[in-house]
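What's counted below: heavy atoms across the whole structure, side chains too, no hydrogens, waters or symmetry copies. Just so you know, these numbers come straight off a predicted model, no measurement behind them. Chain letters run A, B, ... following the sequence lines, proteins first, then strands; residues in each count from 1.
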Amino acid sequence: MNGGVSGWYRSGTPWIWLNAGAVAACLAMVFGLLLLLGARGLGHFWPKPVLQANYLAVDPPVTVIGEIADSETVDSGQLQFSAAGAPLSGERIERQLLKLGNRDVTGNDFAWILPSLLDEVEYPERLVTLERREWGNFYGFPSGILQNGEPVAAPSAQGEEADALWSELQRRLNRARQLREEIERIERSIIADINFGMERLRLRERRLQLAGGDSGEELRDIGRQRQTLDAQYAEIRLRLLELNRQIQRDSAIFRVAGGAEVELPVADIVRAYRPNAMNRFEAMGTYLARLFEFLTDDPRESNIEGGLLPAIYGTAMMVLLMSVLVTPLGVVAAVYLSEYAPKGWLTRFIRISVNNLAGVPSIVYGMFGLGFFIYLAGGEIDNLFYSESLPAPTFGTPGLLWASLTLALLTLPVVIVATEEGLANIPASLREGSLALGATKFETLWRVVLPLARPSMLTGLILAVARAAGEVAPLMLVGVVKLAPALPLDTEFPYLHLEQQFMHLGYYVYDLAMQSPNVEAAMPQAFAAAFLLVAVVTALNLSAVVMRGRLRERYKALETGSWS
Amino acid sequence: MNREYEAAGESAAAVELEPCLEVRNLSLHYARTRQALNKIRLTIPRQRVTALIGPSGCGKTSLLRCFNRLNDLVDDCVVTGRIRLEGKNIYSSKIDVTELRRRVGMVFQKPNPFPKSIYENVAFGLRIRGINSRRRLDEIVQESLEAAALWDEVKDRLHGSALELSGGQQQRLVIARTLAVEPEVLLLDESASALDPISTLKIEELITGLKKNYTIVIVTHNLQQAARVSDYTAFMYMGNLVEFDTTARIFTNPVKRQTEDYITGRYG
C-alpha cells in the first residue's frame with residue numbers, strides 16, 4: 001500500500017536527517033570558528049624557526065633572514081610584477097610571506113617570496129630573534145657587546161666564543177630588565193601619587209578662587225604642600241635619571257642579513273632567544289612566557305605587540321558594571337509589567353515596545369548615549385560638581401560609566417523579557433497557597449514568586465552579558481579608545497574611575513584588523529585577541545550558567561514534581 | 001424554582017448547632033455573563049464537617065473560594081450577596097482580606113508546598129505575621145505537624161526540602177502549614193483526589209480528628225468520602241443549592257429527586 005518512497009517519507013526519516021544535518025552544520029560552524037581563531041591566534045606565540053637563504057629572484061642574489069609567516073597559492077600571472085623571474089605559464093604556484101623583521105634597518109617588515117627561488121636554505125643555530133620595544137622583531141647574529149661605548153667582548157663571534165658572547169648578552173639583558181622594573185615601579189606608584197596630589201592641590205586652589213572671599217591662610221597651606229611635593233618630585237627625578245643612565249650603559253652589535261653590523265641598546269630588547277637551537281621544552285617555555293606577556297602586559301607598538309591586559313580589564317569592568325545596572329532595573333520593570341500593570345492595551349503596547357527595543361541597531365544606542373548621557377547628563381554633572389576643572393570635562397566626555405549605562409539600556413529588553421517569562425511560568429497554585437495563608441500580594445511576590453524566578457532572571461542576564469561583551473559599535477561613541485594604559489580600577493581614591501576612558505577587546509580586534517599601520521604584523525595579534533574575546537564571553541557566560549544550574553538544582557522537583 | 005431551592009436550604013439550616021458561616025443570597029458571575037452561583041442560601045455549622053457535592057461545574061469550588069475571597073484574584077469575577085463569618089459580613093469593605101484568609105484556611109486539590117524546607121513551609125504563615133522568635137517557631141511548627149499527623153515521619157528531616165516528600169505527605173504538610181496560623185475554618189478543595197487510597201485514608205482520619213477544633217468545609221467528587229467524613233452535606237447542581245441536610249438523611253432519604261438521582265449514580 002505504502003510504496004517505498006512514500007513510506008520512507010511518512011516514517012519521518014527525512015525530517016530526522018534534516019534536523020540532524022542542521023545541528024551538524026551548526027556544530028561545524030562553531031568549531032570551525034574556534035579552531036580558526038585558536039590556531040591562528042594561539043599559534044602566534046610559538047617561537048618559529050628562522051631561516052637564512054640566498055634569494056635568486058634578484059641579480060645578484062641577496063641573503064635573506066626571516067621566519068615564514070604565511071603561505072598561499074596564487075596564479076603565477078599575478079606575480080610578474082611582484083617577483084622578477086617568476087614563471088609566466090599561468091599555472092598556480094605557492095608563494096610564502098617571509099617576516100624579515102629589522103624594520104629600522106631595511107624599511108620593510110615582510111616580503112612575499114617564491115620558495116622555489118630560495119637557495120642554500122639553512123637554519124643557523126646561533127641566529128638570534130629579538131623582540132624589541134620599538135620597530136618590531138630583529139633577526140641577526142650577535143657579534144659584540146659595548147659598555148659605555150667600549151667593546152667588552154671580542155667581535156670575533158665564532159665557535160666557543162660565540163656561546164660565551166650569548167651568555168654574556170643574556171646576563172646584561174637580565175640586568176636591564178631589573179632596572180626597567182625598578183623604573184616602572186617608581187613611575188607607576190611614586191610619580192603617580194605625586195601627580196595625583198598636585199592635581200588635587202590645583203583643584204582645591206581653583207575652587208577657592210571660584211568661591212572668592214578671604215582664603216589667604218588656605219592658599220598658603222596649599223603653597224606649602226606643593227613645595228613638599230615639588231621637593232619629593234625633584235628627588236625622585238634624580239633617582240630616575242640615574243636609573244636611566246644605568247640602563248643605557250650597554251648595547252649589543254648584531255650582524256644582519258647581507259653582512260652589515262647594527263648596534264642596538266640592550267635596554268630596548270624585551271626578549272632574546274635562539275629559535276633554531278631550542279628543543280621542545282625551551283620552545284614551550286618561550287611560548288608560555290609570550291602568552292603570559294600577552295595576558296598581563298601593556299600593549300606596545302600601537303597595539304601590535306605586547307599584551308592586552310587593559311583591554312581584558314576594561315571589557316570585564318564594563319560588563320560587570322552593566323550587569324549591576326541592568327539587572328535591578330530590568331527585574332523591577334518586569335515585575336511591574338507582569339504583576340501590577342493593569343492588563344489593557346497600554347500594557348500590551350509597552351510590552352511590544354520593549355520587545356522591539358531589542359531589535360534597534362546598537363549604533364543607535366551609541367548615538368543616544370553620546371547625546372543624552374555624555375552631552376546632557378555628563379555636562380550637567382560637570383557644571384554642578386566639577387566646575388573647578390572646567391573647561392576640561394570630567395563626566396561630559398566618553399567614559400566607563402556612560403559606556404556601561406548605554407549597554408545597560410541596550411540589554412534592558414532582554415532582561416525584561418526573560419524575567420517576565422519566568423514570572424509567568426510560576427504555577428498559580430503556589431501564589432494561591434501563599435495568599436490563602438494570609439500573605440499580601442507583595443509578600444507572595446517577595447517570598448515565593450521572585451525566588452522561584454531567579455533562574456529566569458539569570459538567563460536574561462546571561463543573554464545580556466553575551467550581547468554586551470561583544471558590542472563594539474556603540475562603544476566607539478561612548479568611551480572606548482585605542483590606547484588607555486590606565487586601568488579604571490586602581491589604588492587611587494575613589495578606586496573605581498567611572499569617568500575614565502577604557503580599552504575593550506572587541507574594539508582592539510577591530511583596530512588591529514582594520515586600522516593598523518602594519519597589517520601583516522597585526523593580524524596574528526588580532527586573531528589572538530578575538531580568541532581571547534570569545535574566551536572572556538564564554539567565561540562570563542559559564543559563571544552565570546553555573547549559578548543558574550545551582551538554583552535550578554534546588555527547585556528540581558518543581559519541574560518534575562507531582563504538582564507541576 | 002429559586003424559591004424552592006432557598007426553601008430547601010432553609011429547612012436544613014434549622015440545625016440546632018451554632019452557625020459559623022452564613023451564606024445569604026450569594027450570586028457569582030464570571031465576566032457578567034456566565035452565572036456560576038445563583039442566590040445561594042446556606043448555613044454551615046461550627047465544628048462540624050460539611051461536604052459540598054455535585055457534578056463538575058456545579059459551582060461547589062466557586063462557592064468554597066468565596067469563603068476566603070480567593071475569587072477576588074479572578075479579574076472578571078463579580079460576587080453579590082453576603083457571607084457572614086461569626087456574624088460579620090466578609091464582603092464588607094471594612095474587612096481585612098489577609099486577616100480573613102488567615103482565619104479561613106484553604107487546602108487545594110494538588111499539594112502545593114513551597115520549594116523550601118519542611119520547617120520553612122510550616123513557618124511561612126508565622127513569619128508573615130511577624131513571628132520570628134526561634135523558640136516560638138519551633139514550638140508551633142512541631143504542634144502543627146503533630147496536628148497534621150506528619151511529625152513522626154518528618155521530625156528527623158525538618159530542614160530537608162518539602163518537595164522530596166510523597167504526595168500524601170505533601171498534602172498533610174500543606175494542612176500543617178494552614179493549621180500553623182490558627183484558622184477557625186478549614187476549606188478542603190478535593191484535597192484527597194490526587195492521592196493514593198492509603199494517603200486518602202490518612203487525610204480522612206485527619207479531617208475527623210480536626211473537627212473537634214475547626215469548622216471544616218470539604219468539596220469532593222467521591223460520594224463515599226462525603227458519606228464517611230461529613231456530618232452535613234450540600235448537593236449543588238448548575239449553580240443552585242438543591243438540598244442541604246445531615247449526611248445521613250441526604251444519603252438515605254433525600255427529599256429532592258435530583259439528589260437521589262445523583263447519589264444513586266444516575267447522572268453526574
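- Among residues at least two apart or in separate chains, side-chain hydrogen bond (donor to acceptor under 3.5 Å, both in side chains) pairs with a member in residues 334-350 of chain A are A/E339-A/R431.
- Side chains of A/P427 and B/N112 form no contact here, defined as non-hydrogen atoms less than 4.5 Å apart.
- For B/I198, the CD1 atom counts as loosely surrounded, since its 6.0 Å shell holds 12 or fewer non-hydrogen atoms of other residues, nucleotides or ligands.
- Taking OG of A/S434 as the start and CZ of B/F124 as the end, the distance is 3.5 Å to the nearest 0.5 Å.
- Looking at B/L73, only its side chain comes within 4.5 Å of chain A, counting heavy atoms on both sides.
- With rounding to the nearest 0.5 Å, the separation of CG in A/L452 from NZ in B/K116 is 8.5 Å.
- Heavy-atom distances place no part of B/R129 under 4.5 Å from chain A, backbone and side chain included.
- For B/R69, no part sits under 4.5 Å from any heavy atom of chain A, backbone or side chain.
- Between A/E432 and B/R65 the shortest side-chain heavy-atom distance falls below 4.5 Å.
- Using a 4.5 Å cut-off between non-hydrogen atoms, the part of residues 79-102 of chain B that approaches chain A consists of B/T98, B/R101, B/R102.
- Closest heavy-atom contact between B/I128 and A/G438: CG2-O, 4.2 Å.
- Residues B/P115 and A/L430 are in side-chain contact: their nearest non-hydrogen atoms beyond the backbone lie under 4.5 Å apart.
- In the displayed structure, B/E143 atom CD is contacted under 6.0 Å by more than 12 heavy atoms of other residues, nucleotides or ligands.
- Within 6.0 Å of CZ on B/R136 lie no more than 12 heavy atoms contributed by other residues, nucleotides or ligands.
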